[in-house]
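Bear in mind that the values here come from a model prediction, so they are computed numbers and not experimental data. Residue numbers start at 1 and run along the sequence shown.
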Amino acid sequence: MKVAKIAYRPVGLVLGASAGLLAGALFRQAWKVLGHDDDAPDATDEHRTWPEILVAAALQGAIFGTVKAAVDRGGAVTTRRLTGTWPA
């Protein structure tokens, strides 16, 4: 069982990086629709309001968390199907 966990580690890293890229793209698209602006605000942007910055941060966190959980779970399920063992 330990071998499956070690073998899954590089796969998990690739999946994590892919999830980050996907989540970033989804957040940019969501912000264009919800924020009516191409760029999401940075926390230090003096021309943006507190609510705008906090909503953007909350949306980004929700998207990143959801995408990461979905990709991690999908990778684990696929690993079990291919190897018969759970990677974690």
Side-chain angles (χ1 to χ4, degrees):
M1 190 154 91
K2 221 170 198 185
V3 174
K5 187 175 184 177
I6 292 169
Y8 181 74
R9 189 163 300 238
V11 173
L13 290 172
V14 170
L15 288 175
S18 299
L21 292 173
L22 175 61
L26 289 173
F27 172 68
R28 284 188 294 279
Q29 289 303 314
W31 188 255
K32 284 180 186 178
V33 171
L34 297 175
H36 306 292
D37 195 1
D38 287 343
D39 294 325
D42 291 324
T44 57
D45 188 344
E46 69 178 324
H47 302 292
R48 302 291 182 110
T49 64
W50 273 94
E52 187 178 19
I53 288 169
L54 295 178
V55 166
L59 178 63
Q60 185 177 28
I63 290 173
F64 272 80
T66 302
V67 170
K68 183 180 180 336
V71 169
D72 286 349
R73 183 67 179 199
V77 168
T78 301
T79 299
R80 176 185 267 169
R81 285 185 189 146
L82 295 174
T83 67
T85 59
W86 196 258

Those residues at least two apart in sequence (or on a different chain) that pass side-chain contact (heavy atoms from CB on, under 4.5 Å) with Leu59 are Phe27, Ala30, Trp31, Leu34, Ile63

Closest non-hydrogen atom pair, Pro87 against Tyr8
CB-CG, 3.5 Å

Got a sec, which pairs hit side-chain hydrogen bond (donor to acceptor under 3.5 Å, both in side chains) with one end in residues 58-71, sequence neighbours left out?
Lys68-Asp72

Linking I/L/V/M/F/W/Y whenever any side-chain heavy atoms sit under 4.5 Å apart, do Val11 and Val71 land together?
yes

Residues two or more places apart in sequence or in another chain: which of them pass side-chain contact (heavy atoms from CB on, under 4.5 Å) with Arg73?
Val77, Trp86

Which other residues belong to the hydrophobic cluster containing Leu82, where Ile, Leu, Val, Met, Phe, Trp and Tyr are joined when side-chain heavy atoms lie under 4.5 Å apart, directly or via other members?
none

Test side-chain contact (heavy atoms from CB on, under 4.5 Å) applied to Ala70 - qualifying residues, sequence neighbours left out:
none

Side-chain cluster (under 4.5 Å, hydrophobic types only) that Trp50 belongs to, other residues
Leu54

Roughly how far, to the nearest 0.5 Å, is CG of Leu15 from OG1 of Thr78?
8.5 Å

Salt bridge (charged side-chain N to carboxylate O under 4.0 Å, His left out): which pairs involve residues 21-36, sequence neighbours left out?
none

Using the test side-chain contact (heavy atoms from CB on, under 4.5 Å), find all partners of Leu22 that sit at least two apart in sequence or belong to another chain.
Leu26, Val67

Name all residues meeting the salt bridge (charged side-chain N to carboxylate O under 4.0 Å, His left out) criterion together with Asp42; count only those two or more places apart in sequence or in a different chain, and write none if there are none.
none

Non-neighbouring partners of Asp45 that pass salt bridge (charged side-chain N to carboxylate O under 4.0 Å, His left out), sequence neighbours left out
Arg48

